[in-house]
Amino acid sequence: MKTIKTYTISVLAAVTVASLFANGVTQSKSEDIAKKIPQETKEQYEKRMSWWINDRFGMFIHFGLYAAPARNEWMKNLEKLSNEEYEKYFANFNPDLFDAKEWARSAKKAGMKYCVLTSKHHEGFCLFDSKYTDYKITNTAFKRDLAKEFVDAFRAEGLKVGFYYSLIDWHHPDFTLDRLHPLWDKVKEEDFNKGRDMARYRKYMLNQVTELLTNYGKIDIVWFDFSYPGPDGKGRDDWDSAAIYSLAKKLQPHIIIDNRLDLNDVPGGTDFITPEQFNPSSWPKLNGKKYAWETCQTFSGSWGYHRDELNWKSTKQVIYSLVAAVSHGGNLIMNVGPTARGEFDYRAKRRLDDYAKWMHANSRSVYGCTEAPEKYERPEGTILTWNPKTKRLYIHLLYYPAGQLGIRFGKDIKYAQFLHDASEIKVALAGKEGAFCDKESGFDAHLFFPTVQPDQEVPVIECMMK
Ligand code: GLC
């Protein structure tokens with residue numbers, strides 16, 4: 001039995017250095033990889049990313065066999081299951097109520113502009129008709145190529161489409177044991193790895209990425225997940241990330257790729273950063289510079305459908321996640337985990353309805369918006385977003401002000417209104433119109449509010465700026 005290894009810092013440091021020489025080679029150097037992957041100018045990058053940066057808001061869908069146990073997409077790992085013990089979920093899988101058009105309508109109504117579907121998660125089960133494996137949805141009672149129906153339905157609703165593809169594969173016969181594998185502390189490494197060949201697995205991944213980016217039309221995003229280099233881990237050399245990245249760009253040159261191929265240090269090696277399950281409190285940087293980024297989050301804790309999970313975020317929390325991301329120049333991709341019948345469950349539907357209601361009236365403060373210029377100091381209890389094209393500043397009220405709100409950019413406002421009903425919000429400059437702006441406060445104006453908060457979870461003031 002493998003004992004749980006406990007590393008002292010010095011041992012861990014030694015092991016980390018040693019792992020860089022795993023299989024007798026060091027981790028490929030950044031500059032060597034940069035020569036292997038396609039490069040583009042800053043202008044070409046910005047043009048390619050422009051729709052994604054404008055649209056700001058996407059839907060993640062985590063769907064697979066793990067919807068059946070319904071207790072987190074990592075349950076095979078958490079419960080240390082072998083392929084044989086996990087087989088029952090494949091044998092009984094049939095999402096008979098699946099309707100891609102319904103999924104697409106829900107995403108569109110919620111104001112989401114793109115959607116990324118797990119084509120294969122860590123369990124190794126494919127939602128697409130791959131000719132390189134039998135472990136796929138077309139070999140279940142469902143029989144159909146779900147990925148095909150997904151791309152067709154979401155495109156028909158005008159959304160961009162993407163595939164999430166797991167680099168990890170706990171089912172594949174060539175995938176070797178590592179510290180995240182379900183059987184890590186249940187089998188002897190040398191016994192488990194006998195006959196397994198990661199070179200064959202790397203070829204399998206290239207073949208499947210070719211299928212996904214050839215057989216399903218224009219794919220706008222590919223979301224690889226994830227690398228864990230270091231002791232008993234897998235990183236860019238284990239995946240041959242340079243080959244995967246180059247192949248994706250060759251097959252679909254416009255495609256946007258995330259940063260989990262372990263190429264963050266490689267120039268041109270990632271299109272966006274992926275802070276997970278939190279809102280950064282400033283614009284994230286890559287190699288010292290502000291960079292495109294998207295926070296990926298869930299309505300509850302689990303990415304896959306979790307029947308018994310009770311920690312569902314409130315309406316205000318999920319709206320906050322979106323506007324807070326935009327306020328620091330980023331995107332939000334919010335996840336839905338459909339049930340094993342193929343439907344969004346009632347709790348997800350409730351949150352999507354909340355997004356639909358709020359975005360119906362307030363999406364102008366999201367689409368095309370970004371971080372507000374520093375000169376507009378953020379009033380207490382608010383979040384600012386800014387549309388540089390229309391020169392409109394959006395004040396999101398996280399707490400509804402009692403009567404007045406002091407601001408320091410009143411002189412720059414031409415006109416202000418509630419965004420949801422375009423009703424005027426009075427801007428009273430200091431010293432005029434009864435604004436209580438004493439000199440000490442430093443406010444140059446007050447915004448006046450009706451006593452009762454409007455029927456908006458997060459009311460927004462739209463300010464037309466000079
Ligand atoms: C984490 C989770 C994985 C999920 C991913 C989405 O890696 O472990 O299950 O697919 O986040 O970003």
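Excluded from the calculations below are hydrogen atoms, water molecules and symmetry mates; all remaining heavy atoms, backbone and side chain alike, are included. One is the number of the first residue; the rest follow in order along the sequence.
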Ion pair check, [X] and [Y], cut-off under 4.0 Å:
| X | Y | answer |
| --- | --- | --- |
| Arg260 | Glu276 | yes |
| Arg347 | Asp345 | yes |
| Asp353 | Lys357 | no |
| Asp265 | Lys29 | no |
| Asp32 | Lys35 | yes |

Rounded at 0.5 Å granularity, tell me how far CD1 in Ile53 sits from CD in Glu46.
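Answer rounded to 0.5 Å: 7.5 Å.
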
Phe63 vs Trp103 aromatic rings, parallel, tilted or perpendicular, using cut-offs 30° and 60°?
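Answer is perpendicular, since the angle exceeds 60°.
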
Between His121 and Tyr164, how do the two ring planes meet: parallel, tilted or perpendicular, split at 30° and 60°?
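Aromatic pair His121/Tyr164 classed parallel.
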
Answer with yes or no after comparing the ring centroid distance for [X] and [Y] against a 6.0 Å cut-off, counting only values under it.
| X | Y | answer |
| --- | --- | --- |
| Trp303 | Phe60 | yes |
| Tyr204 | His172 | yes |
| Trp170 | Trp74 | yes |
| Tyr216 | Phe163 | yes |
| Tyr245 | Trp239 | no |
| Tyr89 | Tyr66 | no |
| Phe226 | Tyr228 | yes |

Does a sphere of radius 6.0 Å around [atom1] in [X] hold more than 12 heavy atoms from other residues, nucleotides or ligands, not counting ones at 6.0 Å or beyond?
| X | atom1 | value |
| --- | --- | --- |
| Asp455 | CG | no |
| Lys218 | NZ | yes |
| Lys47 | NZ | no |
| Tyr399 | OH | no |
| Lys313 | NZ | yes |
| Arg200 | CZ | yes |
| His360 | NE2 | no |

Within the distance-only criterion (no hydrogens, no angle test), does the side chain of [X] pair as donor or acceptor with the backbone N or O of [Y] below 3.5 angstrom?
| X | Y | value |
| --- | --- | --- |
| Ser82 | Glu85 | yes |
| Lys136 | Ser130 | yes |
| Asp174 | Asp197 | yes |
| Glu309 | Ser300 | no |
| Ser321 | Gln317 | yes |
| Arg236 | Ser28 | yes |
| Arg202 | Ile244 | no |
| Arg392 | Trp386 | no |

Could you walk me through whether Arg71 and Tyr305 pass side chain to side chain contact (heavy atoms under 4.5 Å, CB included), step by step?
CA-CA 7 Å; Arg71 45 189 192 270; Tyr305 176 63; over 6 Å; no

Ile137 and Phe128: side chain to side chain contact (heavy atoms under 4.5 Å, CB included), yes or no, with the steps?
CA-CA 7 Å; Ile137 192 164; Phe128 62 104; over 6 Å; no

List the steps, then state whether side chain to side chain contact (heavy atoms under 4.5 Å, CB included) holds for Phe278 with Thr295.
CA-CA 7 Å; Phe278 76 98; Thr295 176; 5.6 Å; no

Side-chain donor-acceptor pair present, [X], [Y], cut-off under 3.5 Å:
| X | Y | answer |
| --- | --- | --- |
| Ser166 | His122 | yes |
| Tyr114 | Asn331 | yes |
| Thr298 | Gln277 | yes |
| Tyr394 | Asn387 | no |
| Thr176 | Asn193 | no |
| Glu462 | Gln417 | yes |
| Asn335 | His62 | yes |

Please report the closest heavy-atom contact between Thr315 and Asp354, naming both atoms and the distance.
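Reported closest heavy-atom pair: OG1-OD2, 2.7 Å.
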
Is [X] positioned over the aromatic face of [Y], cation under 6.0 angstrom from the ring centre and no more than 45 degrees off axis?
| X | Y | answer |
| --- | --- | --- |
| Lys76 | Tyr86 | yes |
| Lys160 | Trp51 | yes |
| Arg350 | Tyr346 | no |

Could you please spell out the steps behind the salt bridge (Lys or Arg N to Asp or Glu O under 4.0 Å) verdict for Glu211 and Lys131?
CA-CA 9 Å; Glu211 289 182 310; Lys131 66 180 186 196; 5.8 Å; no

Does the side chain to side chain contact (heavy atoms under 4.5 Å, CB included) test come out yes or no for Ile61 and Phe154, once each step is laid out?
CA-CA 12 Å; Ile61 298 178; Phe154 277 75; 4.1 Å; yes

Side-chain heavy atoms of Trp358 within contact of Ser365, under 4.5 Å
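The answer is yes, as the side chains (C-beta and beyond) meet within the 4.5 Å cut-off.
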
So if I apply the salt bridge (Lys or Arg N to Asp or Glu O under 4.0 Å) rule between Lys234 and each of Asp240, Asp169, Asp262, Asp178, which one comes out positive?
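In the set Asp240, Asp169, Asp262, Asp178, the residue that makes a salt bridge (Lys or Arg N to Asp or Glu O under 4.0 Å) with Lys234 is Asp178.
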
Side-chain donor-acceptor pairs under 3.5 Å in residues 281-292, sequence neighbours left out?
unit_1: Trp283; atom_1: NE1; unit_2: Tyr291; atom_2: O; d: 2.9
unit_1: Lys290; atom_1: NZ; unit_2: Glu371; atom_2: OE1; d: 2.8
unit_1: Tyr291; atom_1: OH; unit_2: Thr270; atom_2: O; d: 2.6

Checking side-chain hydrogen bond (donor to acceptor under 3.5 Å, both in side chains) against Asn362, which of His420, Gln456, Glu457, His396 comes through?
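Single side-chain hydrogen bond (donor to acceptor under 3.5 Å, both in side chains) partner of Asn362 among His420, Gln456, Glu457, His396: Gln456.
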
